[in-house]
Amino acid sequence: MATSSPPWAYTLDLPRDPRAPGIARATLRTVLAAHGLARLTSTAELLVSELLTNAHRHTSGTYALRIRSVGPGRLRVAVWDADSRLPPGFGGGGALAAVPAEDAEGGRGLQLVRACADAWGGYALGEGHGGKLLWAECGPATVPPEEARQGAQPAFFNPPDPPAPSTARSPALAPPRC
């Protein structure tokens with residue numbers, strides 16, 4: 001008789017502290033190891049690091065990390081923050097902000113997320129919670145790519161299994177797989 005693992009999700013509320021992203025990455029590694037998903041660690045850690053850094057650098061309040069299974073061997077990480085403005089490329093419009101200058105110290109994080117995630121998205125949250133949620137997935141696909149990004153916006157911090165945005169990448173954003 002085959003056994004199946006029940007769906008799981010973890011939420012970590014993070015203070016506005018420069019050590020918070022590191023604590024979140026350590027938590028992610030522990031969760032992935034506990035659920036037998038250590039093979040996703042390097043990609044998931046990059047995704048989490050970039051999403052958390054974006055929240056820390058561009059907002060003034062607290063933020064939160066959500067780690068959740070979305071299918072066998074598949075993971076969704078999401079970061080909530082209180083700013084409802086969606087960054088370019090994560091909320092309806094497909095284009096990212098202009099590529100930063102070669103010597104710029106920032107501006108590449110969300111491009112890395114889009115390049116390394118199997119699916120990604122973001123949405124502003126309405127009444128009650130406010131802010132926005134940016135998310136990314138990695139692991140084996142559970143939904144055909146053409147169906148992956150259709151559907152309604154998920155509820156606050158409990159997004160349903162995909163629909164997820166399309167995984168189409170522009171040629172400029174097609175580096176080797178992470």
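Values reported hereafter were calculated over all heavy atoms of this structure, with side chains retained and with hydrogens, waters and symmetry mates removed.
The minimum heavy-atom distance linking L40 with G73 is given by the pair CD1-O, 3.4 Å. The two residues L65 and A24 make their nearest non-hydrogen contact at CD2-CB, 3.8 Å. Closest approach of G139 to D118, counting heavy atoms only: N-OD2, 2.9 Å. Minimum heavy-atom separation, A20 to P15: CB-O, 3.6 Å. Minimum interatomic distance between W8 and L75 (heavy atoms only, all atoms of both residues): CH2-CD1, 3.7 Å. Across every non-hydrogen atom of V113 and A136, the tightest pair is CG1-CB, 3.9 Å.
Formation of a donor-acceptor pair under 3.5 Å by the K132 side chain with backbone atoms of D83 is found in this model. Looking only at distances, a side-chain donor or acceptor of R74 sits under 3.5 Å from a matching main-chain atom of P140. For the pair R25 (side chain) and E45 (backbone), a donor-acceptor distance under 3.5 Å is absent.
If you take CG on L46 and CG on L51, they are separated by 9.0 Å, rounding to the nearest 0.5 Å. Taken from OG in S49 to NE2 in H56, the straight-line distance is 12.0 Å, to the nearest 0.5 Å. Atom CH2 in W80 sits 14.0 Å away from atom CZ in R66 (nearest 0.5 Å). Of the inter-residue distances, the one linking R76 atom CZ with W120 atom CH2 reads 13.5 Å to the nearest 0.5 angstrom. We find the CZ-CD distance between R68 and E137 to be 8.5 Å, quoted to the nearest 0.5 Å. Within the model, atoms CD1 of I67 and CG of L32 stand 7.0 Å from one another, a figure rounded to the nearest 0.5 Å.
Side-chain atoms of R29 and T41 form no donor-acceptor pair, as typed in the model, at a separation below 3.5 Å.
The closest side-chain heavy-atom distance from L47 to C138 is below 4.5 Å.
Residues passing the salt bridge (Lys or Arg N to Asp or Glu O under 4.0 Å) test with R16, sequence neighbours excluded: none. Here T27 pairs with L12, I23, V31 under the side-chain contact (heavy atoms from CB on, under 4.5 Å) rule; sequence neighbours left out. Partners of R39 under the salt bridge (Lys or Arg N to Asp or Glu O under 4.0 Å) rule, at least two apart in sequence or in another chain, do not exist in this structure.
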Check the pair L134, N54 against side chain to side chain contact (heavy atoms under 4.5 Å, CB included), reporting the backbone distance first and the verdict last. CA-CA 10 Å; L134 299 182; N54 188 66; 3.8 Å; yes

Audit row: L133, Y123, side chain to side chain contact (heavy atoms under 4.5 Å, CB included) steps and yes/no: CA-CA 6 Å; L133 188 73; Y123 46 90; 2.9 Å; yes

Is there a side chain to side chain contact (heavy atoms under 4.5 Å, CB included) between L28 and V77 once you walk through the steps? CA-CA 9 Å; L28 173 70; V77 294; 4.3 Å; yes

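Aromatic pair Y10/H35: ring centres closer than 6.0 Å.
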